[in-house]
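Index from 1, following the sequence.
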Amino acid sequence: MNQTLNGIRRILITILVAMGVGALFIIAIGENPIDAYAALFRGAFDGKLRLGTTLAGFTPLLLTSIAFAVAAKAGAFNVGVEGEVFLGGITAAYIGINWTFLPKPALYVACFVGAMVVAAAWAFIPAVLRAYYNVNEVCTTILMNTVALYITSYLVSGPMSAGTANAQSLPVTVRLYQFMKPSSVNVGIFIAAITVIVFMLQKSSWRYKSRTVGLNPTHADYVGIDSKKVFIGAMMLSGMLGGMAGCIEVLGVHGYFLNNFATGLGSNGMLAALIVKNNMVSTPFMAFFLAVLKSGAMGMQQSTGVPKSLVDTITAVFIIIATMETAFQFTKKRKKKTEGKKEDKA
């Protein structure tokens, strides 16, 4: 409970500080910050279209932020969630276009299962390289994001191309129901929310093993937990969540695979998780706030003289605060170690 309250308190403080800095920039360009922020929130919530757009943007961020947090609990820094979203999306598109011999309920399941399996297999590669060969997963996942992007770009520009000006696949034969038209929010938001809630409420031995490996893999091995298998499992689970996000975007939002559709989803999800230190309860709230900022930015620009790039400034402040907090923690740990060594010498 204390951890949850601390996480919520951290979110509120971070939001207030970031918006305070943003207010200073708004004043500097001669605008009223109250009017600007009011326009931002109207742009995110006022009317079915705007609210639906915000919820549609929140859905993939919810999954990608939890995907990063899941890997982080086991000590993995999975920067490759974005590539997993791309590959999950292209797999769902392929199955949704070509597997029409299946009845529709089975086709829905096949799209999700296929997307999650392919994304998990993609995450398996850097996980094995790190676990057994000590290859840094940050480097491999960053590079593999580019590879995933090129694979999907080739497919929708060649074998899976719809022949349109924009590189995209043919339309899929199954769609997730959009319930707030003309926005693109769909039932995928409920699939994502239920998945995250079930995962957070589940108190399994695997979660304990994951935390143990993340805190001290040597200790985990000593007490009989196979740290390598747990690490690989966490990365693959992270990939599955990314693949699910890609499937929902293809089946629910676009109805086809659109080239580069997932650009920024992985980095924004990672940002949401990092700000709240990968706290599973707090991460969805931060992901929602980032979705609100992105959705309301255009409304703020249209109603006031404040450019939507101000949202990027607020996001940058989030990053700075998270970095400063990490730096302070690192400094404290160094001080404790130094004091401990001095006491040992004495």
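When all heavy atoms of Thr54 and Ser295 are compared, the pair lying nearest together is OG1-OG, 2.8 Å. Taking both residues in full, the closest heavy atoms of Thr173 and Gly96 are given as OG1-O, 2.5 Å, listed atom of the first, atom of the second, then distance. Across all their heavy atoms, Asn32 and Ile26 have their closest contact at C-CG2, 3.8 Å.
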task = Could you walk me through whether Phe179 and Phe190 pass ring pair (Phe, Tyr, Trp, His ring centres under 6.0 Å), step by step?
result = CA-CA 11 Å; Phe179 58 89; Phe190 301 116; 5.3 Å; yes
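Counting only residues at least two apart or on different chains, the salt bridge (Lys or Arg N to Asp or Glu O under 4.0 Å) pairs with a member in residues 296-318 are Lys294-Asp312. Residue pairs meeting the salt bridge (Lys or Arg N to Asp or Glu O under 4.0 Å) criterion with at least one partner in residues 259-269, sequence neighbours excluded, do not occur; the list is empty. Each salt bridge (Lys or Arg N to Asp or Glu O under 4.0 Å) pair with one or both residues in residues 259-270, not counting sequence neighbours, would appear here, but there are none.
In terms of modelled atom types and a separation under 3.5 Å, the side chain of Ser238 and the main chain of Ala67 share a donor-acceptor contact. In terms of modelled atom types and a separation under 3.5 Å, the side chain of Arg207 and the main chain of Met200 share a donor-acceptor contact. For Asn166 (side chain) and Thr164 (main-chain N/O), no donor-acceptor pair under 3.5 Å exists by modelled atom type.
Residues Thr304 and Asp35 have side chains that never bring a donor and an acceptor to within less than 3.5 angstrom of each other. A donor-acceptor pair shorter than 3.5 Å cannot be found between the side chains of Asn78 and Thr141.
Geometrically, Arg130 does not engage Phe77 in a cation-pi contact defined by less than 6.0 Å to the ring centre and at most 45° from the axis.
Atom CZ of Phe288 is separated from atom CG of Leu293 by 10.5 Å, given to the nearest 0.5 angstrom.
Heavy atoms of other residues, nucleotides or ligands lying less than 6.0 angstrom from CD1 of Ile34 number 12 at most.
Ring-centre distance between Phe261 and Phe257: below the 6.0 Å cut-off.
You'll find the side chain of Gln168 stays beyond 4.5 Å of the side chain of Val156, heavy atoms only.
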